[in-house]
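Note on naming: letters A, B, ... go to the chains in the order of the sequence lines (proteins, then strands), and numbering restarts at 1 for each one.
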Amino acid sequence: MAEITISLPDGSQRSLPDGATAITLAESIGARLAKAAVAAVVNGDERDLGDSLPDGAQVAIITAGSDEGRHVLRHSTAHVLAQAVTQLFPGAKFSIGPAINDGFYYDFELPGGRTFAEADLEAIDARMREIMKADQPFVRAELPAAEALQVFADQPYKCEIIERVSSGAADSDDAGEIGSGETISVYRNTPEFVDLCRGPHVPSTGRLGHFKLMKVAGAYWRGNEKGPMLQRIYGTAWASKTELEEHLHRLEEAEKRDHRKLATELDLLSFPQELGGGLAVWHPKGGIVRKLMEDYSRERHEKGGYQFVYTPHLANANLFETSGHLGWYKDGMYPAMEMDNGTYYPKPMNCPMHCLIFGSRQRSYRELPLRLFELGTVYRYERAGTLHGLMRIRGFTQDDSHIYCTEDQLQDEIASLLDFVMSVLRAFGFHDFTANLSTKDPQKYTGSDENWDRATEALRLALEKYGLEYKIKEGDAAFYGPKIDIDVKDAIGRTWQLSTIQCDFNLPERFELEYVGADNARHRPIMLHRALFGSVERFFGVLVEHYAGAFPTWMAPVQARVLPVAEAHQGYAEQVVEQLRSAGLRADLVDANDQLGKRIRAAKLEKLPYVLVVGDDDVAHGTLGVNPRGGEVERGVALPEFIQRVQAEVASDLRS
RNA sequence: GCCCAGGUAGCUCAGUCGGUAGAGCAACGCACUCGUAAUGCGUAGGUCAGGAGUUCGAUUCUCCUCCUGGGCUCCA
């Protein structure tokens, strides 16, 4: 019997009988590997374990515990979901069902316009487990398009995909389903159930099982708002029971830090129904944190060479005609107020007003870069279904700056901006940054190609110079210019897009902004839009989730709570509070009406940085019992020493 | 805007197959005066999101509106 030779990732080689498959290879290496195997990479392509290996192939086994392996498990589980739904809902059409982060989904159209309810998930889950127990094989076949159309004759969405692929009009969505070769690949589980798929898949459904169906949702076919709305089922799937449980646990942990939940629990702010959707009121505790954020921002901007401006919340419609926003974003603006001297709108952005300030008098090149800064509150009529706590809100405040500079200054200005951005973000406890550079959308842009190229290059060079890791997002820029967005990673590893630096060729043109150059001629400035927090509200929401409500001492609403052990210590406790406050600390006192343990518990639930207990010993010696958040109790600390420690802690938090 | 699920006391929730509601915590009062995560007893608190309809009677059933949550789409 002939033999073939296979190369492994570690460079070693193995001889196997002709016709050997990846699973035979895995078995020859070790039983544990064979057990963990779900697919293989053969000469760079992902393949099924059951495929025979060509002689001389480079082969790597994909195991369930790897990212690629989980992807295979999830995709295979999606097929099982589709089979279960088509069994339970005869006549159901299925469209696409990819693996996604942490899981998978599948989109369906149910007969008679029926929709899924959460309660259906239980039956679907049970049926899926039966299918897995039946250990159905995943059998690959490759068909010519015409034949595939017959196989899926009663599946219009599948036919649409096949037609798009065979006519060469496939996009990335389709390719994920069936690849882009000459033939259409399908995977069959039973005589009845077959699905389009590029693969690879696990050998059989028995290999699956550590999954959970999470939720049902509507989703537009091919993401088209005008197209039909399909019924989507989301699930999560993992290589082992432990992995699945860990994932569910992570979700629970994330839920505990949800800023909307913590905003209520910690009395930070609320969204009264009486106000209308997407509008918040800030309570004193949230208010002090916000004030600290804003004060810090102002201080840094002042030192950073920014000039502070203020602009009104309303403007005549003419302004937004000039800026062009009324033309592009009218649907997203609060409606017009018709007055006897014209039509007014709440402002959806600050930039046009800053342009008015620039244009209010003749400008010299000596003034550039001119950096205007404002905590500017804007109103946008976000569509009802898009609102999300503080993260997507209708009234919000931007830490907005517009920088007018010459082309020569652009690159340095951006580089120093990056420096400024990271430095400020570090003060708020973020240390892991990545960037995105968004480039021109050829379908939708204004300004000359030359300007776009130069500005994009300036942004790119600034990123390189700063040494920040970045990805290019082709075509993701706003219509008026390229931009850099900064993503930060939070305490539990989620990324948030926060800061943005955007070039704008549009507004200087529309507002006919000019400065007089050294050559005594008039020139058009380049305008940069930039925000560090983005929106103060959203940034606050991200901070709440990042810190899980336990704000660092410098921004905690109450830094220290003084608790007298008994009524006899009330007077001393009051003196302590007095001294803490004169030292600039935010302190309060809860008197001895309740038991000490109860008052400590309450303070801990409020996540205060320090609880200070004072009793007989302390009255006698001028000391405190210090109970720090997440630390050990320390008795007999002298008051001045405590103050000094906290001040040092605050100073060190803010050193960035 | 679209699909699904919701809205009951300040908070977290239970409940009513149609006869106007209950718990825990919080609040308030009294007693306890306590050294590091829940003392005991008592009191008060609700147009059951809002409106319309069906009904002898609606918090419960139907419809509409508002708001919230999960998605889709969108995000200057």
Residue A:K330 excluded, over 12 heavy atoms near NZ under 6.0 Å:
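Not more than 12 within 6.0 Å, no.
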Please say whether more than 12 non-hydrogen atoms of neighbouring residues, nucleotides or ligands are located less than 6.0 Å from CD in A:E512.
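Result for CD/A:E512: open.
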Distance between the [atom1] atoms of [N] and [M], in whole angstroms?
N     : M     : atom1 : answer
B:A37 : B:C25 : C1'   : 15 Å
B:U73 : B:C4  : C1'   : 16 Å
B:U39 : B:G70 : P     : 35 Å
B:G22 : B:G15 : P     : 15 Å
B:G24 : B:G18 : P     : 28 Å
B:U16 : B:U62 : P     : 16 Å
B:A49 : B:U59 : P     : 9 Å
B:A27 : B:C72 : P     : 41 Å

Searching all strands shown, indicate the nucleotide that pairs with [N] (Watson-Crick or G-U wobble; both distances under 3.5 Å).
N     : value
B:U39 : B:A31
B:U62 : B:A52
B:C11 : B:G24
B:A44 : none
B:A5  : B:U68

Considering non-hydrogen atoms only, spot the tightest contact between A:V590 and A:R599 and give its length.
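A:V590 and A:R599 have their closest heavy atoms at O-NH1, 3.2 Å.
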Select base, sugar-phosphate, or nothing to describe what [X] touches, counting heavy atoms under 4.0 Å on all strands.
X      : answer
A:D594 : base
A:F479 : nothing
A:R635 : base
A:G385 : base
A:H529 : nothing
A:R383 : base
A:N224 : nothing
A:K215 : sugar-phosphate
A:T386 : base
A:G278 : sugar-phosphate
A:I600 : base
A:A566 : base
A:Q231 : sugar-phosphate
A:Y234 : sugar-phosphate

Starting from the 5' end of RNA chain B, give me the residue, A:F271 or A:E225, whose nearest nucleotide shows up first.
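By nearest-heavy-atom nucleotide position, the 5'-most residue is A:F271.
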Return whichever of A:G277 or A:K444 has its heavy-atom-nearest nucleotide of RNA chain B closer to the 5' end.
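The residue whose closest nucleotide sits nearer the 5' end is A:G277.
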Any side-chain heavy-atom pair from A:L88 and A:I124 closer than 4.5 angstrom?
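Answer yes - side chains close enough.
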Taking side chain as C-beta onward, heavy atoms only, is A:I526 less than 4.5 Å from A:P508?
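No. Closest side-chain heavy atoms not under 4.5 Å.
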Range on RNA chain B touched by chain A - first to last nucleotide, heavy-atom distance under 4.0 Å:
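With heavy atoms of chain A under 4.0 Å away, the range is B:G1 to B:A76.
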Hey, is A:D120 close enough to A:R114 for a salt bridge, meaning N to O under 4.0 Å?
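Looking at A:R114 together with A:D120, the answer is yes, because their closest N to O distance falls below 4.0 Å.
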Using the rule ring pair (Phe, Tyr, Trp, His ring centres under 6.0 Å), only one of A:F94, A:W221, A:F108 pairs with A:Y157; which is it?
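Of the listed options, the one satisfying the test is A:W221.
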Kindly indicate, with the supporting measurements, whether the criterion side chain to side chain donor-acceptor pair (under 3.5 Å) is fulfilled by A:E649 and A:Y610.
CA-CA 12 Å; A:E649 184 189 352; A:Y610 293 100; 2.6 Å; yes
Donor-acceptor pair between A:N316 and A:N318 side chains, under 3.5 angstrom:
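A donor-acceptor contact under 3.5 Å links the two side chains.
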